[in-house]
Amino acid sequence: MGSIFTKIINGTVPSFKIYEDEHCYAFLDIRPIHGGHTLVVPKLEVDHFTEVPEPYYSAVFQAAQKIGKAIREATGAPRVGGAVVGFEVPHFHYHLVPLWSPSDLNFSHAKAASPAELKKMQEAILTVLNRT
């Protein structure tokens, strides 16, 4: 059946895609802590990050570095934090969150974003990514 993230990767569930390559897929979180909050997932469905094989593992973090730079520029955030939590969906995912202070990396601050807000942020991040 596959996780919700596998369905997103396969295109059966819509997403606001930020990046895709052979081994990973990145999309905006629909319940962001801050606008630009992005999830980077391997295309191989593995629950725990400690069990993700190469080259999927490295691909996630290489993509996260590129995407993190674009998020920082698109949002004006001084930092982009990363977190691996994994309780919500049994498919390893790396959260990239724009941060203005260390306390911003708090998932209790997440709230639903409208499709218009997500589309606007997607366009801003893609504009930066497409320049590089």
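Note that the numbering runs from 1 along the sequence shown for the chain. Worth saying up front: this structure is predicted, and the values here are computed from it rather than measured.
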Verify, without hydrogens or angle tests, whether [X] (side chain) and [Y] (backbone) share a donor-acceptor contact under 3.5 angstrom.
X      : Y      : result
Glu117 : Ser114 : yes
Gln122 : Lys17  : yes
Asp104 : Ser101 : yes

Query - Non-neighbouring partners of Glu22 that pass side-chain contact (heavy atoms from CB on, under 4.5 Å), sequence neighbours left out - result: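 Glu22 satisfies side-chain contact (heavy atoms from CB on, under 4.5 Å) with no residue once adjacent residues are dropped.
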Query raised in the report: Can you name the residues that form a salt bridge (Lys or Arg N to Asp or Glu O under 4.0 Å) with Lys66, not counting sequence neighbours?
Result: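 Lys66: no salt bridge (Lys or Arg N to Asp or Glu O under 4.0 Å) contacts found.
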Pairs flagged by ring pair (Phe, Tyr, Trp, His ring centres under 6.0 Å) wherever [range] is involved - sequence neighbours left out:
range            : value
residues 111-132 : none
residues 112-132 : none
residues 107-132 : His95-Phe107

Report task. Using the test side-chain hydrogen bond (donor to acceptor under 3.5 Å, both in side chains), find all partners of Asn106 that sit at least two apart in sequence or belong to another chain. Result ->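 In terms of side-chain hydrogen bond (donor to acceptor under 3.5 Å, both in side chains), with neighbours along the sequence ignored, Asn106 is linked to Ser108.
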Query raised in the report: Looking at residues at least two apart in the chain, or sitting in another chain, which of them share a side-chain hydrogen bond (donor to acceptor under 3.5 Å, both in side chains) with Lys69?
Result: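 Not a single residue meets the side-chain hydrogen bond (donor to acceptor under 3.5 Å, both in side chains) criterion with Lys69.
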Query - Any residue meeting ring pair (Phe, Tyr, Trp, His ring centres under 6.0 Å) with Phe5, in chain and number order, not counting sequence neighbours - result: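 With neighbours one apart ignored, the set is Phe27, His91, His93.
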Report task. Go through the structure and list residues passing ring pair (Phe, Tyr, Trp, His ring centres under 6.0 Å) with Tyr56, not counting sequence neighbours. Result ->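 In terms of ring pair (Phe, Tyr, Trp, His ring centres under 6.0 Å), with neighbours along the sequence ignored, Tyr56 is linked to His23.
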Quick check on the hydrophobic clustering: are [X] and [Y] connected, directly or via other members, by side-chain heavy-atom contacts under 4.5 Å?
X     : Y      : result
Phe87 : Val46  : no
Val41 : Leu126 : no
Tyr19 : Leu44  : yes
Ile67 : Phe49  : yes
Tyr94 : Tyr57  : yes

For [X] versus [Y], what's the shortest heavy-atom pair and its separation?
X     : Y     : value
Val89 : Ser3  : CG1-CB, 4.0 Å
Val60 : Pro42 : CG2-N, 3.7 Å
Pro98 : Ala77 : CB-CB, 3.7 Å
Arg31 : Asp29 : N-OD1, 2.7 Å

Report task. From the options Val40, Val84, Asp47, select the one residue that forms a side-chain contact (heavy atoms from CB on, under 4.5 Å) with Phe92. Result ->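 Option passing the side-chain contact (heavy atoms from CB on, under 4.5 Å) with Phe92: Val84.
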Could you state the interatomic distance from [atom1] ([X]) to [atom2] ([Y]), rounded to the nearest 0.5 Å?
X      : Y     : atom1 : atom2 : answer
Leu96  : Gln65 : CG    : CD    : 11.0 Å
His37  : Ile71 : NE2   : CD1   : 8.5 Å
Leu39  : Leu28 : CG    : CG    : 8.5 Å
Ile125 : Ile18 : CD1   : CD1   : 4.0 Å

Query - Apart from Trp100 itself, residues in the same hydrophobic cluster as defined by side-chain heavy atoms under 4.5 Å - result: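 Same cluster as Trp100: nobody, lone residue.
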Report task. Considering only Ile, Leu, Val, Met, Phe, Trp and Tyr, and joining two whenever side-chain heavy atoms are under 4.5 Å apart, list the other residues clustered with Val128. Result ->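 Under the 4.5 Å side-chain rule, Val128 groups with nothing.
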Query raised in the report: Step by step, would you call Thr75 with Met121 a side chain to side chain contact (heavy atoms under 4.5 Å, CB included)?
Result: CA-CA 8 Å; Thr75 63; Met121 185 53 64; 3.9 Å; yes
Listing, residues 8-16 side-chain donor-acceptor contacts under 3.5 Å, not counting sequence neighbours, or none:
| from | atom 1 | to | atom 2 | distance (Å) |
| --- | --- | --- | --- | --- |
| Asn10 | ND2 | Thr6 | O | 3.3 |
| Thr12 | OG1 | Lys7 | O | 3.1 |
| Ser15 | OG | Tyr25 | OH | 2.9 |

Query - No-hydrogen, no-angle side-chain donor-acceptor test under 3.5 Å, Ser58 and Glu54 - result: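 The criterion, which ignores hydrogens and geometry beyond distance, is satisfied for Glu54 and Ser58.
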Report task. Inspect the surroundings of CG in Leu129 and state if more than 12 heavy atoms from other residues, nucleotides or ligands are less than 6.0 Å away. Result ->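 Counting neighbours around CG of Leu129, more than 12 heavy atoms of other residues, nucleotides or ligands fall under 6.0 Å, so yes.
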Report task. Please say whether more than 12 non-hydrogen atoms of neighbouring residues, nucleotides or ligands are located less than 6.0 Å from CD in Glu123. Result ->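 Correct, the count exceeds 12.
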